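Notes for the one structure printed next.
Both ligands and their constituent atoms are indexed starting at 1 by order of listing. Quick caveat: nothing in here was measured; it's all calculated off a predicted structure. Sequential numbering from 1 along the given sequence is applied to the chain's residues.
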Amino acid sequence: MATPLRHAPLQMQPPVLIDRDAIARRVAELGAEIDRDYAGQSVLLAGVLKGAAIFLSDLARAITIECTFDFVAVSSYGKGTRSSGAVKMLKDLDHPIEDRNIILVEDILDTGLTLSFLKRTLMQHHPRSLRVAALLDKPERRMASVKAEYVGFTIPNHFVIGYGMDYAERFRNLPDICVFPPEAAD
Ligand code: IMP
């Protein structure tokens, strides 16, 4: 069992970058787009834990075609705001994906290292199709050539928290997407 994280609360309300209403409107649009693209078929939403959990649960409810979901977990940033660059699978999907339409659901496409690793790994299991839905895209920091077919918002290079996204496991429960104040980093 990991040691509980104890931190002082933020001294200020972090600046809101994208508010909950804008998120809800955009997620509804993405759901409608997925409905159109896969009309008459089914999709498996494969969420990347833990950051994509809230996005996936809203996106799934914006989709009306037959849809199931599953989750993978990969190593992430740990406590800080910078990527270590190395990606490792911590939890694989529970069910086979051969001949299924897979949509990998990710919170942020940043350097692209996570998604290029996951796409390569999942392709080895011969899905019928494999696409990516990323709530946020930070193209400035891209290191691996990977694109998301469904993007919620393209944002500048801020470290963001809320709507599932964390700093050291905190702030995932903020309903809006906020900019993490750099002075609060420890
Ligand atoms: P990538 O491999 O660099 O594309 O990183 C993807 C993962 O890094 C995301 O799924 C997030 O978990 C994490 N990440 C990247 N940028 C941020 C951020 O601004 N806030 C919180 N997590 C982030």
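- When each atom of ligand 1 is checked for a heavy atom of Asp166 under 4.0 Å away, the hits are 21 (C).
- Within the listing of ligand 1, atoms 19 (O) sit less than 4.0 angstrom from a heavy atom of His158.
- Of the candidates Phe159, Phe171, Tyr167, Phe180, the one placing a heavy atom closest to atom 21 (C) of ligand 1 is Phe159.
- At least one N/O-N/O distance between Val160 and ligand 1 falls below 3.5 Å.
- Relative ring orientation between Phe180 and Tyr167 is described as parallel, the plane-to-plane angle staying below 30° on a 0-90° scale split at 30° and 60°.
- The heavy-atom pair separating Val146 from Arg142 by the smallest distance is O-NE, 3.4 Å.
- One option in Lys138, Arg172, Lys50, Met143 has a heavy atom closer to atom 19 (O) of ligand 1 than any other, and that option is Lys138.
- When the options Ile177, Asp107, Val74 are ranked by their closest heavy atom to atom 9 (C) of ligand 1, first place goes to Asp107.
- The two residues Cys178 and Gln13 make their nearest non-hydrogen contact at SG-NE2, 4.0 Å.
- Contacts classified as salt bridge (Lys or Arg N to Asp or Glu O under 4.0 Å) and involving residues 37-54 (residues at least two apart or in different chains) are given here: Asp37-Arg131, Lys50-Glu169.
- In this structure, Tyr163 and Phe55 have tilted ring planes: the angle between them lies in the 30° to 60° band.
- Closest of all the heavy-atom pairs between Pro175 and Ile23 is O-CD1, 3.9 Å.
- In summary, the atoms of ligand 1 found under 4.0 Å from a heavy atom of Thr114, numbered by their order in the structure, are 1 (P), 2 (O), 5 (O), 6 (C).
- Heavy-atom separations between Gly112 and ligand 1 include at least one value shorter than 4.0 Å.
- Judged as a salt bridge (Lys or Arg N to Asp or Glu O under 4.0 Å), not a single pair has a partner in residues 146-164 (not counting sequence neighbours).
- Remark: ligand 1 atoms within the under-4.0 Å shell around heavy atoms of Asp110 are 1 (P), 3 (O), 4 (O), 5 (O), 15 (C), 16 (N).
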